[in-house]
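To start, the structure itself, in structure tokens.
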2 protein chains.
Amino acid sequence: MTVREQPAKEHRRTRQRAAVDDVLDETEDFISAQELHALLRARGAGVGLATVYRTLQTLADDGRVDVLRSDAGEAVYRRCVREEHHHHLVCRSCGATVEIAGPAVERWAKSVADQHGYSDVSHTLEIFGTCPRCAAA
Amino acid sequence: MTVREQPAKEHRRTRQRAAVDDVLDETEDFISAQELHALLRARGAGVGLATVYRTLQTLADDGRVDVLRSDAGEAVYRRCVREEHHHHLVCRSCGATVEIAGPAVERWAKSVADQHGYSDVSHTLEIFGTCPRCAAA
DNA sequence: GGTGGTTTTGACAATGGTTGTCAGTCTTGA
DNA sequence: TCAAGACTGACAACCATTGTCAAAACCACC
Ligand SMILES: [Zn+2]
Ligand SMILES: [Zn+2]
Ligand SMILES: [Zn+2]
Ligand SMILES: [Zn+2]
């Protein structure tokens, strides 16, 4: 029923994509396309805004970055350590992120959907709060 | 530490707000401001787009409607039956929504946040799938 | 049933993130 | 080296959402 998982179609290696990749590797927190673009421009390795968007889109499609929406509705991206499905505990003030696994929640979500006859199930789950460092200030 | 819960500041009852309210009462699924506006226009009871946005904003602030973001990032609104905190099981294709309570998940989210020293915690959790009716088609 | 002050409305402009366009450039495999 | 096609970037277009502000509606209170 579900489309077979594609083996991550190969993409060409370009200077622009490497630059975006580098930033993602160096950045702990979720970052928006606009921020990433500004960062690249600032560090000299300019990359077109459209290219930044396209690159992030591709990475997200391939599951190589996680995406979620900030309070303002802006899409923000992050290269996570964990490869497997997981969720995030994010600081509302500084963006500090902790990757979270919750097997019990996964099972619960699945069973809830089953109970109501919903198929092809996915879910979103994020936890927001104030991290210790920000709370101290 | 937390701001005291305000007693839902009183707002004036106007034709426009009543119209928006009516649509929300009659609508089972999550609906966007644009859709709501088009619906009102179609049914003759025209209401300015800005007013629709303002009204939904106010309702959301007062906790009288639930808001979440569609895949496209558009905000969608729904008047839920349950007054207390809850989550949703939403059909990706037709929007059919089931309200879900998950006490265990609530506790889990809180404990995860505690473990990492995060305070002032909130969370978002939605389950998406294909409802039985849509699966049949 | 008039009056002044406050709230609400709506047409329109402005904002801002995101996507579309398309001619020129770069990669890649042969 | 070369051609096919992927990639880029400046720019325009899109579109949900918010800001503006004068006119309209509303609400005591006289
Ligand atoms: Zn992640
Ligand atoms: Zn999960
Ligand atoms: Zn709800
Ligand atoms: Zn919850």
To the nearest Å, how far apart are [X] [atom1] and [N] [atom2]?
{"X": "A:Leu56", "N": "D:dC7", "atom1": "CG", "atom2": "P", "answer": "15 Å"}
{"X": "B:Leu59", "N": "C:dT8", "atom1": "CG", "atom2": "C1'", "answer": "15 Å"}
{"X": "B:Arg17", "N": "C:dG10", "atom1": "CZ", "atom2": "P", "answer": "11 Å"}
{"X": "B:His37", "N": "D:dT17", "atom1": "NE2", "atom2": "P", "answer": "13 Å"}

*Shortest side-chain distance from A:Thr51, nucleotide among D:dC7, D:dT8, C:dT9*: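 Among the listed nucleotides, the one closest to the side chain of A:Thr51 is D:dT8.
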_Could you list the cluster mates of A:Leu49? Members are the ILVMFWY residues connected by side-chain heavy atoms closer than 4.5 Å, either directly or through other members._
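Direct or chained contacts put A:Leu49 with A:Tyr53.
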_Are there over 12 heavy-atom neighbours, none belonging to B:Arg13, within less than 6.0 Å of that residue's CZ?_
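Counting neighbours around CZ of B:Arg13, 12 or fewer heavy atoms of other residues, nucleotides or ligands fall under 6.0 Å, so no.
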*Does atom CD of A:Glu28 have more than 12 heavy-atom neighbours, drawn from other residues, nucleotides or ligands, at distances under 6.0 Å?*
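For A:Glu28, atom CD is not crowded (no more than 12 foreign heavy atoms under 6.0 Å).
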_Please report the end-to-end axis angle for the helix from C:dG1-D:dC30 to C:dA30-D:dT1, five pairs per end, rounded to 10 degrees._
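Nearest ten degrees gives 30° for this helix.
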*Under 3.5 Å, is there a donor-acceptor pair between the side chain of B:Arg92 and the main chain of A:Asp120?*
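Pair found, side chain donor or acceptor close to backbone of A:Asp120.
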*Between B:His87 (side chain) and B:Ile100 (backbone), is there a donor-acceptor pair under 3.5 Å?*
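Checked: no pair found.
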_Under 3.5 Å, is there a donor on one side chain and an acceptor on the other for B:Glu106 and B:His86?_
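Per modelled atom types, B:Glu106 and B:His86 side chains form no pair under 3.5 Å.
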*Looking only at side-chain N and O atoms, does B:Gln16 come under 4.0 Å of OP1 or OP2 in C:dG10?*
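Result: yes.
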*Test salt bridge (charged side-chain N to carboxylate O under 4.0 Å, His left out) applied to A:Arg78 and A:Glu99, A:Glu126, A:Glu26, A:Glu35, the passing residue*: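 Going through the options one by one, the only one that passes is A:Glu99.
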*When the aromatic ring centroids of A:Phe30 and A:His88 are compared, is their separation below 6.0 Å?*
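Ring centroids of A:Phe30 and A:His88 are less than 6.0 Å from each other.
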_Please encode protein proximity along nucleotides 18-30 of chain C as a string of B, S and -, counting only heavy-atom distances under 4.0 Å._
BBBB-----BS--
